[in-house]
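Notes to accompany the following structure.
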Amino acid sequence: PTLIIDDEGDQASLNTLARRAARQGIDIEDLTESDVSTIYRRITRLKGLFTHHTFVQYTATPQANLFINIVDRLSPNFIKLLTPGTEYTGGMDFFRQEAHLVEEIPLTDLPAPNHPLHEPPESLIAAMRVFFLGVVAGEILQDQRNRSMLVHPSRLQGDHNQFTEWVRGICNSWRRILTGNDDAEKNILIADFREAYDDLRRTVPNILPFERLTDFNLVHAIQYTPIVEVNARRGSTPQINWQDSYSWILVGGQSMDRGFTVEGLTVTYMPRNVGVGNVDTIQQRARFFGYKRGFLGYCRVFLDQVTIDSYNAIIDHEENVREQLEEFDINNKPLNNWNREAVLDMMLNLTRANILYDNLDRDNFGDEWFRVNAPHDIEEFIEPNRTNLFDYLTPIENTFAVDEGHDNRTQEQKHFVARVRLQDCLRNLLNKLKFTRESDSASYSSLRGILRRYLSEHPNEECLIYLMSARSLNDWTRRTRRLTRNDEIQQLFQGKQPTKDTAQFKIGDVYPGDSEIKNENLISIQVHLLNLRGTDYTSVPTLAIWIPEHIGTDIIRQPENRA
């Protein structure tokens, strides 16, 4: 029996030719050695040498492993979630609980092709002031083996060199001023450090007096802090011997991403944008996460606003995935049974596309309508759906009333409405209705997942149910709708009336249109009974559900999932 451990198992091991094979029409189960990437092929051979083995992939960013095709040879079939110790500080600490530790880099300080920087940005200088005050405090208190600053401007070595020269120039200038005889210049610099000190005082209890941090210790810290450009520009990436100095400033990019530990990292300055927005890549750049509870108050992270927003979205994604996977860990359930779906903001991607055999589906819920496109897809489900609908509505019929509106509305424009508990509606209605068309079922399943998660924190939430074109359960007008060439409802919603301004009414005065039959701040569920033109289908139940912006979220999933 053999245990094979693949550290950073999401990085090099997966098949980077998966998407290419899919585009060539090669079935994933028919991939030959020439259809897979080299390391993937060699791992497959290694696994083949041991008839009895367990292959463990270890990573902090498992998005790629979790969302590769389930048939893939490296798709995991069990999972163990690891919990860091209490001293660990991660995304929740920096971006939620201690969000004041994160500083926004102004747009004017961000290098861009149409906005090159010709001098060090002020936010970089401010970050260095905070860092050096922390270095002095750490040396005096001897409470940490190292204190480090990380500057990550981009992936380009030319930018690394530019920022390295700027950092060196700033340090040389400060050393000259602090050891010189120009008191006016020195007072201005000390006043600048006073601003950094006031900022640190907000987060560091019992911080040492300002004068203690800015005496000869400050000059010493500036003079003896090595500034290292960490890349292969000079042939090989330099190795950091942490014991050689207490404090360090490292400037670089990709060499300091995955697997690189920055000892005692307190200040991170990263004007680099999120690029294509791959979650695992952005997370791996977060060297500022780590075991630093004891000196967290001295930490600062300088990022542009888009990157700050991205990390906040990634926290929601990570919490959602972890919550879903806990039951598979605790109950030792096969991971193959996991409905591969996760919360993920539309501005982000899960991982690099080349390892994903399938295109992932995405849904946006929030401040918009979800509509069932083909409620008649499987004829056998129409009658059970209708039965489940009336089984839910009949006991609560007395809570309904005709909605308010213009006196000139037609019968089809008047609706029966009630305010009910969302928990009951989800359990006794939404969960019992079945819609099987692929374009419906996956999104409908995702929507119910969003509602379940929301109800876990808001169990008493209410919703509105509109029975469209109904005055009672026994007086419910069946609307007639056409089908498209794809056998989907052509136009579910009735439009505004009048459709153009008249002498008597403006557009929509009499009826605002079905799309406005909702409450902006409540889940609003429209129930329609349809006769489908050109078919024998009558009284087909279908839904349109309004998701308010504060409840909705974005979902990403594998397309094979079904409701």
[X] side, atom [atom1]; [Y] side, atom [atom2] - distance, nearest 0.5 Å:
X	Y	atom1	atom2	value
Phe328	Leu81	CZ	CG	11.0 Å
Met149	Phe131	CE	CZ	7.5 Å
Glu318	Gln63	CD	CD	7.5 Å
Ile556	Asp345	CD1	CG	11.0 Å
Ser255	Arg155	OG	CZ	13.0 Å
Thr351	Asp280	OG1	CG	3.5 Å

For [Y], does its backbone N or O pair with a side-chain atom of [X] as donor and acceptor, under 3.5 Å?
X	Y	result
Ser310	Val306	yes
Thr203	Leu200	yes
His152	Met270	no
Arg287	Gln284	yes
Arg362	Asp554	no
Ser37	Ile39	no
Asn320	Asp316	no

Side-chain H-bond candidate by donor/acceptor type, Thr61 with Asp10, under 3.5 Å: yes
Under 3.5 Å side-chain donor-acceptor pair for Asp72 and Tyr40: yes
Got [X] and [Y] here, is their nearest side-chain heavy-atom distance under 4.5 Å?
X	Y	value
Thr268	Phe302	no
Val251	Val228	no
Ser148	Thr266	no
Ile551	Ile523	yes
Arg285	Tyr311	yes
Arg453	Glu323	yes
Leu360	Gln558	yes
Leu14	Gln57	yes

Close aromatic pair by centroid cut-off 6.0 Å: Trp546 and Phe365: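 No.
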Aromatic contact, His220 with Tyr224 (centres under 6.0 Å): yes
Verdict with supporting geometry, Leu348 and Ile282, side chain to side chain contact (heavy atoms under 4.5 Å, CB included): CA-CA 10 Å; Leu348 297 169; Ile282 296 171; 3.8 Å; yes
Excluding sequence neighbours, so at least two apart, what forms side chain to side chain donor-acceptor pair (under 3.5 Å) with [X]?
X	value
Asp367	none
Asn460	none
Arg19	Asn359

Please find the pair of heavy atoms, one from [X] and one from [Y], that lie closest to each other, and give the distance.
X	Y	result
Asn172	Arg175	OD1-NH2, 2.8 Å
Ile555	Ser446	CG2-OG, 3.6 Å
Ala137	Tyr298	CB-OH, 3.4 Å
Gln423	Leu455	OE1-CD1, 3.7 Å
Leu74	Ser13	CD1-O, 3.7 Å
Ile227	Arg168	O-NH2, 3.0 Å

Contact list for [range], test side chain to side chain donor-acceptor pair (under 3.5 Å), sequence neighbours left out:
range	value
residues 99-126	Glu98-His100, Asp109-Ser123, Glu122-Arg129, Ser123-Tyr269
residues 78-88	Lys80-Asp329, Lys80-Asn332, Thr83-Arg322
residues 237-251	Thr225-Ser247

Hey, is [X] close enough to [Y] for a salt bridge, meaning N to O under 4.0 Å?
X	Y	answer
Arg419	Glu462	yes
Arg212	Asp215	no
Glu185	Arg176	yes
Arg272	Asp304	no

Thr553 and Leu344: CA distance, side-chain angles, deciding distance, side chain to side chain contact (heavy atoms under 4.5 Å, CB included) verdict: CA-CA 8 Å; Thr553 189; Leu344 185 64; over 6 Å; no
Gln324 and Asn339: CA distance, side-chain angles, deciding distance, side chain to side chain contact (heavy atoms under 4.5 Å, CB included) verdict: CA-CA 9 Å; Gln324 292 185 65; Asn339 194 30; 5.7 Å; no
Asp363/Ser443 under side-chain hydrogen bond (donor to acceptor under 3.5 Å, both in side chains): CA gap, chis, key distance, verdict: CA-CA 7 Å; Asp363 276 317; Ser443 296; 2.6 Å; yes
